[in-house]
Asks: 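Next up is a structure, given as structure tokens.
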Amino acid sequence: IDLIFMDADLPEMDGMKTTKEIKKKMKLEIEIIAMSSQKDYFHIDAMRKAGASGFLFKSTPPDEIAKAIPIVFNLKQKYFINDVAKIIDDFENSITNSIKQKMSFTQHQKDILKLSKKGLPRKLIADELDIGIGSVNTIITRMLKKTNTHSINELLKWVDDNGIDY
């Protein structure tokens with residue numbers, strides 16, 4: 001067997017568990033294309049994480065299914081039809097926007113981030129902003145805690161990676 005179309009909604013042992021078991025136990029590389037009537041991100045993502053090479057809806061037209069086979073099997077590329085890709089993009093964008101909304105920074109925090117990015121030490125940041133070094137340390141500590149980071153460099157990377165303006 002080289003390719004399996006896996007029903008993600010199996011009643012006894014769900015498609016996610018079955019896909020994981022196949023990928024874990026089979027010595028040969030078997031490609032799995034998941035199929036489901038569920039059109040939600042969590043179903044799609046669970047099958048992706050289980051090791052599915054592609055995801056199609058059960059309502060996918062036969063010509064689209066036929067396109068997926070050589071892409072997954074011969075080219076060893078992931079295949080998600082446009083509707084699936086849109087669901088994934090929409091969900092990931094909503095998460096990113098949610099992070100941006102929750103992670104707004106005060107003007108002092110933004111100023112400290114800008115000056116830290118320039119490589120200024122905390123004492124010079126304090127002088128530049130006309131605040132005490134203790135205030136700079138407290139503000140940085142609160143930002144580290146808020147973002148679950150452990151250093152100013154991690155914090156700056158986190159802010160950049162999440163597209164947060166400062």
Side-chain angles (χ1 to χ4, degrees), residues 6-10 13-24 31-58 60 68 71-72 76-166:
M6 176 66 63
D7 185 340
D9 309 313
L10 290 171
M13 185 175 183
D14 70 52
M16 284 140 270
K17 288 180 185 173
T18 305
T19 298
K20 278 184 188 176
E21 287 298 311
I22 290 170
K23 288 292 197 174
K24 186 175 164 182
E31 301 300 333
I32 298 174
I33 297 176
M35 298 191 79
S36 177
S37 57
Q38 304 295 319
K39 295 185 177 186
D40 63 81
Y41 174 80
F42 298 103
H43 234 75
I44 296 163
D45 193 51
M47 289 304 296
R48 249 191 340 183
K49 288 177 181 171
S53 304
F55 192 99
L56 302 169
F57 295 123
K58 290 181 181 177
T60 302
I71 291 171
V72 168
K76 304 293 186 209
Q77 295 177 355
K78 302 290 183 196
Y79 186 83
F80 300 92
I81 63 168
N82 290 340
D83 291 343
V84 172
K86 182 173 176 3
I87 290 170
I88 292 169
D89 288 345
D90 288 350
F91 181 80
E92 289 174 353
N93 287 337
S94 73
I95 294 295
T96 300
N97 291 335
S98 175
I99 289 170
K100 286 180 184 177
Q101 287 171 357
K102 288 179 183 171
M103 292 297 175
S104 59
F105 293 105
T106 66
Q107 191 57 52
H108 263 354
Q109 290 171 328
K110 290 178 183 181
D111 292 341
I112 289 171
L113 288 169
K114 286 176 192 170
L115 295 171
S116 295
K117 183 140 182 136
K118 290 181 180 179
L120 269 67
R122 292 181 185 193
K123 174 68 175 123
L124 289 179
I125 292 171
D127 292 345
E128 179 79 23
L129 299 177
D130 199 28
I131 59 176
I133 185 78
S135 296
V136 171
N137 288 333
T138 299
I139 291 168
I140 289 173
T141 300
R142 287 181 181 157
M143 287 190 293
L144 294 173
K145 191 172 185 178
K146 183 177 186 178
T147 59
N148 198 28
T149 54
H150 302 94
S151 70
I152 193 68
N153 288 333
E154 270 186 51
L155 173 62
L156 291 168
K157 182 177 179 344
W158 186 94
V159 169
D160 288 341
D161 288 350
N162 287 285
I164 297 172
D165 297 324
Y166 59 96

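Quick note: numbers below take in every heavy atom, side chains included, and nothing from hydrogens, waters or symmetry partners. Numbering starts at 1 and runs along the sequence shown.
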Asks: Please give me the minimum heavy-atom distance between Ala50 and Thr19, naming the atom from each residue.
Replies: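 What the structure gives for the nearest pair is O-CG2, 3.6 Å.
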
Asks: Scan for salt bridge (Lys or Arg N to Asp or Glu O under 4.0 Å) pairs involving residues 119-132, sequence neighbours excluded, and state none if there are none.
Replies: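 Sorted result for residues 119-132: Lys123-Asp127.
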
Asks: When you look at Ile22 and Met6, which way does the side-chain contact (heavy atoms from CB on, under 4.5 Å) test go after all the steps?
Replies: CA-CA 11 Å; Ile22 290 170; Met6 176 66 63; 3.6 Å; yes

Asks: Once side chain to side chain contact (heavy atoms under 4.5 Å, CB included) is applied, do any residues pair with Ser151, and if so which ones, sequence neighbours excluded?
Replies: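 Once residues adjacent in sequence are excluded, the partners of Ser151 under the side chain to side chain contact (heavy atoms under 4.5 Å, CB included) criterion are Asn153, Glu154.
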
Asks: For the atom pair OG (Ser116) and CG (Leu155), what is the distance rounded to the nearest 0.5 Å?
Replies: 8.0 Å

Asks: Measuring from Ser37:OG to Phe57:CZ, what's the distance to the nearest 0.5 Å?
Replies: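 So the OG of Ser37 and the CZ of Phe57 are separated by 9.5 Å.
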
Asks: Please examine the side chains of Met47 and Met16, heavy atoms only from C-beta on, and report whether any two atoms are closer than 4.5 Å.
Replies: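 Result yes, sub-4.5 Å side-chain heavy-atom pair found.
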
Asks: When you compare the side chain of Ile139 with that of Phe105, does any pair of heavy atoms fall below 4.5 Å?
Replies: no

Asks: Taking atom CH2 of Trp158 and atom OG1 of Thr149, what is their separation to the nearest 0.5 Å?
Replies: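 One gets 8.0 Å once the value is rounded to the nearest 0.5 Å.
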
Asks: Between Lys157 and Asp160, does any side-chain N to carboxylate O distance fall below 4.0 Å?
Replies: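 Result for this pair is no, no salt bridge flagged.
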
Asks: Enumerate, atom names and distances included, each donor-acceptor pair closer than 3.5 Å involving a side-chain atom of residues 108-115, sequence neighbours excluded.
Replies:
from, atom 1, to, atom 2, distance (Å)
Gln109, OE1, Thr106, N, 2.8
Gln109, OE1, Thr106, OG1, 3.4
Asp111, OD1, Gln107, NE2, 2.9

Asks: Nearest 0.5 Å please: distance from the CG atom of Leu156 over to the CE atom of Met143.
Replies: 8.0 Å

Asks: Side-chain contact, heavy-atom cut-off 4.5 Å: Lys23 with Ser53?
Replies: yes

Asks: Start with the C-alpha distance between Lys58 and Asp9, add both sets of side-chain angles, then the distance that settles side-chain contact (heavy atoms from CB on, under 4.5 Å), and finish with yes or no.
Replies: CA-CA 11 Å; Lys58 290 181 181 177; Asp9 309 313; 3.8 Å; yes

